[in-house]
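Lettering follows sequence order; numbering is per chain, from 1.
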Amino acid sequence: MDRGNPPVKGRGLASRILQGDIKAASRLMRDIDDEVEGTVEELKLLYPRTGNAYVIGITGPPGVGKSTLVDRMIELLRKEGKTVGVVAVDPTSPFSGGAILGDRIRMQRHSTDDGVFIRSLATRGQLGGLSRSTHDVVKVLDAMGKDVIIIETVGVGQDEVEIARAADTSIVVLVPGLGDEIQAIKAGILEIGDIFVINKCEQEGADRLENELRLMLEMGSKRPDGWVPPIYRTEAIKGEGIKELLEGVWRHRETLLEGEGHKRHLRERARAELLEIIQAEVMRRLLEGLGEELERMVEEVASRRKDPYTLAEEVLERFLCQGTKSKG
Amino acid sequence: MERKIRVLIAKPGLDGHDRGAKVIARALRDAGFEVIYTGIRQTPEQIANAALQEGVDVVGLSCLSGAHNQLFPRVVELLREKGAGDVLVIGGGIIPYDDIPRLKEAGIEEVFQPGTPIEEIVNYIRKRMEERRKEG
Ligand SMILES: Nc1nc2c(ncn2[C@@H]2O[C@H](COP(=O)(O)OP(=O)(O)OP(=O)(O)O)[C@@H](O)[C@H]2O)c(=O)[nH]1
Ligand SMILES: [Mg+2]
């Protein structure tokens, strides 16, 4: 696969990944997550080979059955002959910095299938936000040639919204009996959900939830592409309703690809991604340049000897004006 | 940024008790590790593939069914076949003392008996990871 122009930079992971080396892919994902220097060089090499996968985001409150749904979706997608990548994100404990990543338990039966690659990520407390490394891991799966990539995230915090924005189709999962919670979470989710799922629909309250949800969706603002988010009922544990759900995803894809919406979607995504990378990189370089000085500044603000506005201006002037050259 | 330690905890074999494995998983999380828990009744193939895809540093195997002599070495063998022979494999559960030398020979680098204080396991993993990082 060598195109005559061997990469000078990087550690050769990208070319190995493009040749189907699983170990190299896994290694690069690790480097992305650990923010190892030089990782972007590999990503630059992979980038031209990305953009082919269809990305589905799945988010919702804890325990609603997201992983079980993913497991069932993998099952169906594989039957359709599609290869699948999964990125399952779970929160890092703010106390220890550790995490238990348990989404995989529900999907383990697919781990011996060569057409499936599942990766668990912890939110960590990264500079560029969780979304940065998630997006890059998705890029790797994309370059590996996965047809469909599913991103599972918990909750509906800012991070999840960011991640969902990177998906072509975002699925929000709810369950009956959430009660007033739905009120609390509606703000963020109504806008990001392209498709809503009522899982555990065999449980009492599914009708009520569907009615409430429909009402809220009707009150929400109209989408520019005319898409009206459908509501599906599933019983993931039994595999019920998954086929219909996937059909809904493909219908949403058609809507995306048809109209002007597609170009706009691509542009919005490109803008968000570019800004995010710039933001993360500026922060990284600033902090690198500041080093120990940061703590001194923090101390000055904390003891109210200086105001944070002046200090921030000073820092920005110093670094942005003189340029922030760094090997990165 | 400092590299996090990633550990896969898996239960090969047919026994369905995973309380011990879960306790270990939580303790490792509290020690700051990222723990991927794959649940009970895992085949060596499932475990090795999960370890490969998850890019872990350590695989912790727990087995109560008595089949450790077949299952543990098989995991090591598969990891090596898949180019992930650098993963540290450790074991626990109900393992007769006499079996330990054979397991170590097969590449299970340490075997922890029930009742081993968790800190001992945490310290062992930390120490081994430091050694590896120094080796590059
Ligand atoms: N009754 C019922 N239980 C279900 C259904 N789908 C999943 N579950 C159960 O719900 C529990 C949580 O399922 P998961 O798939 O782990 O849920 P999740 O949303 O991924 O959970 P987190 O990732 O921890 O937020 C498990 O015990 C599942 O077996 C369903 O349709 N009906
Ligand atoms: Mg889950």
Positions in residues 72-88 of chain A that reach chain B, provided some heavy atom is under 4.5 Å away: none
When you measure from the side chain of [X] to the backbone N and O of [Y], does any donor-acceptor pair fall under 3.5 Å?
X: B:Glu109; Y: B:Ile90; result: no
X: A:Asp31; Y: A:Val36; result: no
X: B:Lys4; Y: A:Gly97; result: yes
X: B:Gln46; Y: A:Thr112; result: no
X: A:Asn199; Y: A:Ala236; result: yes
X: A:Arg104; Y: B:Tyr37; result: no
X: A:Thr59; Y: A:Thr153; result: yes

Heavy-atom pair count under 4.5 Å with chain A, highest-scoring of [options]:
options: B:Gly83, B:Ala25, B:Gly32; value: B:Gly32
options: B:Glu34, B:Arg29, B:Lys82, B:Glu54; value: B:Glu54
options: B:Thr38, B:Ile9, B:Asn49; value: B:Thr38
options: B:Arg6, B:Glu45, B:Arg26, B:Gln42; value: B:Arg6

Measure [X] against the heavy atoms of chain B and call it side chain, backbone, both or neither at under 4.5 Å.
X: A:Arg30; answer: both
X: A:Val116; answer: backbone
X: A:Ser93; answer: side chain
X: A:Phe117; answer: both
X: A:Ile100; answer: both

Among A:Arg119, A:Met107, A:Lys23, who wins on heavy-atom pairs under 4.5 Å with chain B? A:Arg119
Answer yes or no: is there a side-chain heavy-atom contact under 4.5 Å between A:Leu46 and A:Leu28? yes
Any donor-acceptor N or O pair under 3.5 Å, side chains A:Asp103, A:Ser67: yes
We want to know whether B:Gln53 and A:Ser111 form a side-chain donor-acceptor pair, criterion being a heavy-atom distance below 3.5 angstrom. no
Side chain from CB out, backbone as N, CA, C, O: work out which of these in B:Asp18 comes under 4.5 Å of a heavy atom of chain A, or both, or neither. neither
Closest contact, heavy atoms only, B:Ala106 versus B:Val76: O-CG1, 3.4 Å
